[in-house]
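Worksheet: one structure, shown below.
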Amino acid sequence: MIAITALFLVFLAYAQARSGGAPSEACANIAPQHGGSSQPLVSSPYSLNVSQLTAAGGYTPGRNYTLVLTGGASQYKGLLVQGRRGTNPVGSFAAGNLVKPACSNTAVTHIDRSLKNNVPLIWTAPAAGTGSVVFSYAVVVQNSGGVNTYYATLTSPVIAEYPIHRPLQPLQRPLKRPLQRPLQRPLQRPLQRPLQRPL
């Protein structure tokens, strides 16, 4: 009886960890770690609205931006969103309504399994010189009755750093062409006759 009770408590803690957000193991590939059925990405009704970033022509380093994870008419239970430069996480997320930071604050995840939609996410852009960023995210659609349905490794459009950093161009101008003639005028021709008359 003691063994059964202990096993139940372990299972309950495991379930609560998943219902309270993505575990640290999910940070590597932005995918749920509780098993279930992964859905084809092309059939996903979910998208990460980054219009605040694209309308500005990209992100300004250190500035806060609001992203919105939307499913149209489709709600979801869980989420995990992270900004990346290649495979490296960049930027940070703040706690908000129904979400909390994850993956050492480089990602954001859900705080419970309630149905949700259009959840705003506050992202702080990385330092200058980071370069373009892509958001990778996962959405858990169903997590009840032992059946999990989710979309993993969805991606946003590429977000450029603004202003775009380009190598500095040399400021020197080409030398002016050499002068074709000297600046001094030639001497006047000598006088042809003396000024004074002879006595």
Side-chain angles (χ1 to χ4, degrees), residues 17-34 38-72 74-114 116-141 143 148 150-167:
R18 294 303 183 264
S19 63
S24 58
E25 293 84 358
C27 300
N29 57 2
I30 312 298
Q33 301 297 303
H34 45 51
S38 176
Q39 302 300 301
L41 300 185
V42 293
S43 64
S44 171
Y46 304 98
S47 63
L48 188 64
N49 187 330
V50 293
S51 60
Q52 192 179 65
L53 286 159
T54 55
Y59 70 86
T60 298
R63 182 178 172 184
N64 291 341
Y65 294 92
T66 300
L67 319 178
V68 180
L69 183 57
T70 179
S74 302
Q75 294 181 308
Y76 48 89
K77 291 188 174 183
L79 64 98
L80 180 63
V81 182
Q82 185 180 63
R84 290 188 166 193
R85 169 72 176 174
T87 58
N88 298 319
V90 293
S92 61
F93 282 91
N97 185 29
L98 301 176
V99 295
K100 65 180 181 180
C103 309
S104 301
N105 296 338
T106 65
V108 66
T109 188
H110 55 283
I111 61 174
D112 58 41
R113 290 168 46 182
S114 64
K116 53 188 72 73
N117 202 351
N118 299 321
V119 176
L121 314 170
I122 307 301
W123 179 69
T124 302
T130 299
S132 58
V133 173
V134 172
F135 292 96
S136 182
Y137 58 103
V139 180
V140 176
V141 180
N143 190 0
N148 303 312
Y150 62 86
Y151 299 88
T153 62
L154 296 161
T155 55
S156 73
V158 177
I159 308 300
E161 180 178 352
Y162 180 83
I164 299 173
H165 288 267
R166 295 188 177 93

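If you read the sequence from its start, that first residue is 1, and numbering goes on from there. Hydrogens, waters and symmetry mates play no part in the numbers below; they use all other heavy atoms, side chains included.
Between Ala31 and Ala26 the shortest heavy-atom distance is O-CB, 3.3 Å. The heavy-atom pair separating Gln75 from Asn117 by the smallest distance is CG-CB, 4.3 Å. Nearest heavy atoms, Ala125 versus Pro61: CB-CA, 4.2 Å.
Partners of Ser114 by side-chain hydrogen bond (donor to acceptor under 3.5 Å, both in side chains), not counting sequence neighbours, listed by chain and number: Asp112. The side chain to side chain contact (heavy atoms under 4.5 Å, CB included) check on Thr54 picks up Val50, Ser51, Ile159, with sequence neighbours excluded. With sequence neighbours left out, the side chain to side chain contact (heavy atoms under 4.5 Å, CB included) criterion links Ser44 to Tyr46, Tyr151, Leu154. Under the side-chain hydrogen bond (donor to acceptor under 3.5 Å, both in side chains) criterion, Thr70 pairs with Asn118, not counting sequence neighbours.
To the nearest 0.5 Å, atoms OH (Tyr162) and CZ (Arg63) are separated by 11.0 Å. Here the CG-CG distance, from Leu69 to Asn49, works out to 10.0 Å after rounding to the nearest 0.5 Å. In this structure, Thr60 OG1 and Tyr65 OH are separated by 3.5 Å, a value rounded to the nearest 0.5 Å. Summarising the geometry, atom NZ belonging to Lys116 is positioned 7.5 Å from atom OH belonging to Tyr76; distances are rounded to the nearest 0.5 Å.
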Could you go through the side-chain contact (heavy atoms from CB on, under 4.5 Å) check for Tyr150 and Gln39 one step at a time? CA-CA 6 Å; Tyr150 62 86; Gln39 302 300 301; over 6 Å; no
List the steps, then state whether side-chain contact (heavy atoms from CB on, under 4.5 Å) holds for Thr66 with Leu121. CA-CA 6 Å; Thr66 300; Leu121 314 170; over 6 Å; no
For residues 128-137, run the donor-acceptor check on the side chains, cut-off 3.5 Å, and write out each pair with its distance to 0.1 Å, sequence neighbours left out.
from: Thr130; atom 1: OG1; to: Ala127; atom 2: O; distance (Å): 2.7
from: Ser132; atom 1: OG; to: Arg85; atom 2: NH1; distance (Å): 2.8
from: Tyr137; atom 1: OH; to: Leu48; atom 2: N; distance (Å): 3.2

Distance-only criterion, 3.5 Å: show the donor-acceptor pairs between side-chain atoms of residues 86-107 and protein atoms not counting sequence neighbours.
from: Lys100; atom 1: NZ; to: Gly20; atom 2: O; distance (Å): 2.8
from: Thr106; atom 1: OG1; to: Gln82; atom 2: NE2; distance (Å): 2.9
from: Thr106; atom 1: OG1; to: Cys103; atom 2: O; distance (Å): 2.7

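In terms of modelled atom types and a separation under 3.5 Å, the side chain of Thr109 and the main chain of Ala22 share a donor-acceptor contact.
You'll find the side chain of Leu53 reaches within 4.5 Å of the side chain of Leu67, heavy atoms only. Contact annotation: the side chain of Ile30 approaches that of Arg84 to within less than 4.5 Å [non-hydrogen atoms, C-beta and beyond].
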